[in-house]
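Proteins come first, then strands; the chains are lettered A, B, ... in the order of their sequence lines, and each starts at number 1.
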There are 2 protein chains.
Amino acid sequence: MLKLSKLTDYAAVVMAQIARHPERAHAAADLADAVQLPHPTVSKTLKMLVKAGLLTSRRGAQGGYRLSRAPSEITASDIIAAIEGPVAMTECSQADGDCDLVSSCGVADNWQRVTLGVRTLLDSVTLAHLARAEPLKLPVQLPIQSVTLAAMAEG
Amino acid sequence: MLKLSKLTDYAAVVMAQIARHPERAHAAADLADAVQLPHPTVSKTLKMLVKAGLLTSRRGAQGGYRLSRAPSEITASDIIAAIEGPVAMTECSQADGDCDLVSSCGVADNWQRVTLGVRTLLDSVTLAHLARAEPLKLPVQLPIQSVTLAAMAEG
DNA sequence: ATATAGAGGACTAAAATGGTCCTCAATGCC
DNA sequence: GGCATTGAGGACCATTTTAGTCCTCTATAT
């Protein structure tokens with residue numbers, strides 16, 4: 001599996017929706033209608049995205065949400081991290097991870113490298129890519145040319 | 001997050017342990033002792049790995065578990081799939097996924113491509129890599145040279 | 001025959017997740 | 001200034017998932 005939570009999924013859909021009309025502010029209710037999801041849930045998701053710094057908000061009439069930076073500057077990693085926290089496949093790949101078996105389990109190091117690989121991959125996918133509607137299922141060239149774990153292991 | 005379940009984590013640890021002594025059969029109890037995890041839980045994990053075809057088992061005295069193929073032929077994807085099912089970041093990336101919003105959500109296609117990227121990365125990490133004990137934290141060259149999403153989009 | 005060891009599944013407890021709602025605060029408009 | 005609009009923040013509950021345990025049955029070696 002390795003599945004995203006539903007909220008993360010919603011977050012991506014909503015972010016993409018905003019990214020398609022970045023010039024104007026989007027009210028939570030409008031977004032919920034547009035993406036066909038329950039209002040309270042979308043609202044909750046939006047708040048998390050603001051808290052994470054991916055969106056800015058303005059209250060009151062004519063208020064709503066806007067991207068805090070260009071779609072090409074917001075990554076899949078960012079969106080996932082906003083809802084679920086930083087990408088980490090194992091406890092010990094987290095910054096604050098505490099697993100007393102790290103030293104004895106024998107695979108911790110390598111899982112951490114794999115996590116870095118996944119993170120790098122997700123860093124290279126931006127909201128600009130995600131938002132691109134591709135109803136024709138044409139192969140889209142995403143800018144992932146090379147992911148070499150060895151090169152990242154020093155991090 | 002995007003975290004592996006604990007059982008998957010255990011599975012990797014146990015598989016690595018077996019991979020370090022592939023010639024002999026390992027009893028569940030011995031493995032549990034070796035990796036310092038509760039016996040029943042390790043036992044459950046082993047059964048799942050057998051069911052998925054990654055291990056073979058033999059009952060009775062002198063029985064136990066063995067790898068069903070070489071460590072270099074067993075991938076991280078295989079281990080994850082054995083416990084959690086195939087790697088899929090979204091509902092719609094699963095073979096049997098049913099999400100009525102696929103057509104309208106606008107990001108389904110691209111998440112599916114990202115899933116393929118992650119899957120490819122995890123396919124390229126083998127049990128042989130995972131089992132390699134690296135207490136010195138030397139950078140390990142894993143054979144992930146290039147992951148290009150466009151090349152996979154036809155799948 | 002018997003001790004060993006896995007298969008299979010039922011079951012429970014605990015935790016994470018999803019989803020809703022309520023009250024408060026800010027903003028724009030008249 | 002007053003009011004309608006819209007987000008902030010958090011409490012709360014229901015459901016699902018996960019983890020973990022245990023019991024009974026079956027196969028194998030000696």
> Using a cut-off of less than 4.0 Å, is there contact between a side-chain N or O of B/Arg58 and OP1 or OP2 of D/dA29?
Replying inline: yes
> C/dA5 phosphate, OP1 or OP2: any side-chain N/O from B/Ser57 under 4.0 angstrom?
Replying inline: no
> Of all the nucleotides listed (C/dG18, D/dA19, D/dG7), which has the minimum atom distance to the side chain of B/Leu7?
Replying inline: D/dA19
> With sugar-phosphate meaning primed atoms plus P, OP1 and OP2, does B/Ala29 contact a base, only sugar-phosphate, or nothing at under 4.0 Å between heavy atoms?
Replying inline: nothing
> Starting at the 5' end of DNA chain C and moving along, which residue's nearest nucleotide shows up first, A/Pro40 or A/Ala61?
Replying inline: A/Pro40
> In residues 41-56 of chain B, what residues come within less than 4.0 Å of DNA chain C, judged by heavy atoms?
Replying inline: B/Lys47, B/Val50
>> Classify A/His39 by what it touches in the nucleic acid, base, sugar-phosphate, or nothing, heavy-atom distance under 4.0 Å.
In response: nothing
> Should B/Tyr10 be listed as having a side-chain N or O under 4.0 Å from OP1 or OP2 of D/dG20?
Replying inline: yes
> Going through the distances and angles, do A/Thr75 and A/Asp78 end up as a side chain to side chain donor-acceptor pair (under 3.5 Å)?
Replying inline: CA-CA 5 Å; A/Thr75 70; A/Asp78 290 335; 3.2 Å; yes
> Donor-acceptor pair under 3.5 Å: do we get one between B/Arg59's side chain and the base of D/dT26?
Replying inline: yes
> B/Lys6 side chain: which of D/dG20, C/dT4, C/dT17 is closest?
Replying inline: D/dG20
> So does B/Glu91 pair up with A/Lys3, basic N to acidic O under 4.0 Å?
Replying inline: yes
> Counting side-chain heavy atoms from C-beta on, which of C/dC29, D/dT21, C/dT20 comes nearest to A/Pro38?
Replying inline: C/dT20
